[in-house]
There are 2 protein chains.
Amino acid sequence: MVTMKDIAAKACVSISTVSLVINHRDKGRVKPDIAATIWKVAEELGYHPNAMARSLRSGRTHTIAFISDQVATTPYAGEIIHGAEDAARQLGYMMFIIDADDERDISGDIDRMLSWGVDGYIYAKFANRYISVPPTLDDMQVVVVNAEERTVIHPRIEPDEFSIGYDATTRLIHAGCRRIAYIGCDEPAIAQVGRFKGYRQALKDAGIPFDKRLTSRVSHGRPALEAVCKLLDDTHPDGVFAFNDARAVYVYDYAFQHGLTIGEDLSVIGVDNHEVICDTTVPALTSVELPHYEMGFWGACKIISMIEGTDPIEQERVTPSYNAASMPPLDTDGPARIHCAIVEKESIVGGPRTHDDSEPAQTAGSDANPSSSASADGSRRPQRR
Amino acid sequence: MVTMKDIAAKACVSISTVSLVINHRDKGRVKPDIAATIWKVAEELGYHPNAMARSLRSGRTHTIAFISDQVATTPYAGEIIHGAEDAARQLGYMMFIIDADDERDISGDIDRMLSWGVDGYIYAKFANRYISVPPTLDDMQVVVVNAEERTVIHPRIEPDEFSIGYDATTRLIHAGCRRIAYIGCDEPAIAQVGRFKGYRQALKDAGIPFDKRLTSRVSHGRPALEAVCKLLDDTHPDGVFAFNDARAVYVYDYAFQHGLTIGEDLSVIGVDNHEVICDTTVPALTSVELPHYEMGFWGACKIISMIEGTDPIEQERVTPSYNAASMPPLDTDGPARIHCAIVEKESIVGGPRTHDDSEPAQTAGSDANPSSSASADGSRRPQRR
DNA sequence: GTGAAAGCGCTAACAA
DNA sequence: TTGTTAGCGCTTTCAC
């Protein structure tokens, strides 16, 4: 390992001089030609400053820990991690990853983090859920992403579930739908409650009466398919808002079986903009995209702002890879809620709306910031394969 | 921050004594009651050893870096990360995560890793692809996961693509299929080549002539659906082996349109055991599962074995969360290839095979280790929601 | 402008 | 059985 000592020896100066130069503190203190020599020697020797030694002195490690359950099991995990890593990297931080399976005791991992002197923690879930942050972290800097604490302690960000339901339903109404079904999730999730409220509010605002028979809560597999078919057979809706894309698929199955064409005879909108489903549905499913990348990005910016006491977004020290507009400010009172854009495909009658004629619904009772719509031609995500 | 100094002061001993005790090197060197006092004081004060200081001395950080493209964009990312994290954690290592977007220059990140003195590197892709490890890492410890280098330098693990094709096709043959279609991928990927070879070999071994008209290479969306429908219309196969689950979906669409029932009139098998597709297909799609978790796990074990010069698996210092049987040994000559199990669902005529009557095909020309089949009732993955 | 020296928290060789 | 001491690589104060 090359050290400052080696450089000092080769450049015939003292270690402190090397330190000054390497840390760019040599302005008017070290002769420029000496500084140049030092840089040259450092380069030649392939010098890399020893982060460990540095941290030992400074007490700051420039690392954060990303703790999450279900790193493994959800397809969206990567986007949150990616967003957080992206922001962390741009701000000079490295990110540890810790899988916190619900069943597993993570106190050992937390001890290890404490040993490392990690500067801050991101605690994330991959579905908007209730969690409790381990009390060991009580006097650490913690940000909660895509989840809610029963007793709120830490700053957090979550999707604006209400406006997902509101916007999706409104989109169908604008396409001319009047009998709009809701295919829900059979579990009482935060997401379910919010989206359903948004659905009802949108109907109300449009003067369309709510009809319970148009709603159903399903899980997966054959029972779900049968429930959806029954709903469609019984009530013949002209639009369907599905809790998520997976549940929207059953509407496609029904349509294939009955010779209907989605996007012509029947409009459908889902949630998740799930890559594989959007890839494989014909016509492609229009869907509301949950901004996982953005939530991760926000989380990392937030935790780093707490560590450093400055706002990296305001200071423009950091740029998200996409969709910067939808990033809520870091210093919101209460939870940050992030707006979710509709990704237009082909499953709604009348075809994709262009950006121009869409005015995202202003969500009553929601503190969403001004929304940004994704482009009409689909996801803003990088394409796979 | 609580230090050994603090403990020493409170326990009225010297720092070295504390060090000896904390590091369990006090056997017959420190009086047991003194040791006990030290532990008590450490506990009271909430002492955590300072990993930084430790590493500074030892030159070892007990950290590894997981470098990968597409952390973001694939649903399987999480499983590889999860597997690697699982092994690393059990072996006392922490894992940094680095997103290496293809376009992005990661030399800065690597510099940071070098500064950190990360002990080893896992270089992973999420589809079995060709890669080149940055030359900066040439004299570091590196393991390649789910990818292949053009000029092989580092140990690596990848799925046994040949036997995926062979096993899937053989499974259909055992179910009585004789006209087996192959719906391939339109790109020349490593996976594509191997799976197709396996398909042909299985046909050959069963004495079934290869018929080019039964094969098609498709991408996604409407053109793919149309190509698949044409293939099925023209050739009326009794079984379909699809390159992946996403491509198998088009067969379902065709079946719905034509009043056919998958698993009765037509058998289908995919690859990926993609959660959302397996959740939503009716009847559920039988699929070959790529052991992402296991590859990540193997990768971490391998890199740590290289760092430490011992084999943690042989020493039983580590236990995978599932499917331990399929883990190849760490010290294979050449690349480790990992066998992929069929996850039985309902899309093959005759219903799921039980474990008993399935003898996984011994793959000619492949050095796969003895395979382990997943249980007949589906994935071994933890369930989402 | 430059260098000597102390010290971050810990380990390990050596002394007592 | 316990304590003293040097030093890991770096930063920072202070003297020259």
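The model shown is predicted, which means the values in this text are computed figures rather than measured ones. Quick note on labels: first sequence line is chain A, next is B, and so on, each numbered from 1.
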DNA chain C: 5'-most and 3'-most nucleotides touching chain A, 4.0 angstrom heavy-atom criterion:
C:dG1 to C:dG9
Classify the side-chain pair B:Glu85/B:Tyr93 by whether it contains a donor and acceptor separated by less than 3.5 Å.
no
Is a side-chain donor-acceptor pair under 3.5 Å present for A:Ser321 with A:Asp86?
yes
Whether over 12 other heavy atoms sit under 6.0 Å from A:Glu314 CD
no
Full working for salt bridge (Lys or Arg N to Asp or Glu O under 4.0 Å) between A:Glu148 and A:Arg156
CA-CA 7 Å; A:Glu148 194 166 324; A:Arg156 78 168 199 268; 3.5 Å; yes
Pair B:Arg317-B:Glu308, salt bridge (Lys or Arg N to Asp or Glu O under 4.0 Å): steps then yes or no
CA-CA 13 Å; B:Arg317 287 166 54 210; B:Glu308 301 189 342; 3.2 Å; yes
To the nearest 0.5 Å, tell me how far A:Lys10 NZ sits from A:Leu45 CG.
5.0 Å
Relative to each other, are the rings of A:Tyr293 and A:His82 parallel, tilted or perpendicular (30° and 60° limits)?
perpendicular
What closest approach, in Å, do B:Ala42 and B:Ile22 show between heavy atoms, and which atom pair accounts for it?
CB-CD1, 4.3 Å
What is the nucleic acid contact for A:Asn23, judged by heavy atoms within less than 4.0 Å: base, sugar-phosphate only, or nothing?
sugar-phosphate
Which residues in residues 3-22 of chain A have a heavy atom closer than 4.0 Å to any atom of DNA chain C?
A:Val13, A:Ser14, A:Ser16, A:Thr17
Near DNA chain C, under 4.0 Å by heavy atom, which residues of residues 32-64 of chain A?
A:Ile34, A:Leu56, A:Arg57
For the residue pair B:Phe96 and A:Phe96, does the interplanar ring angle fall in the parallel (under 30°), tilted (30 to 60°) or perpendicular (over 60°) class?
parallel
Can you find a side-chain donor-acceptor pair between A:Thr17 and A:Ser14 that sits under 3.5 Å?
yes
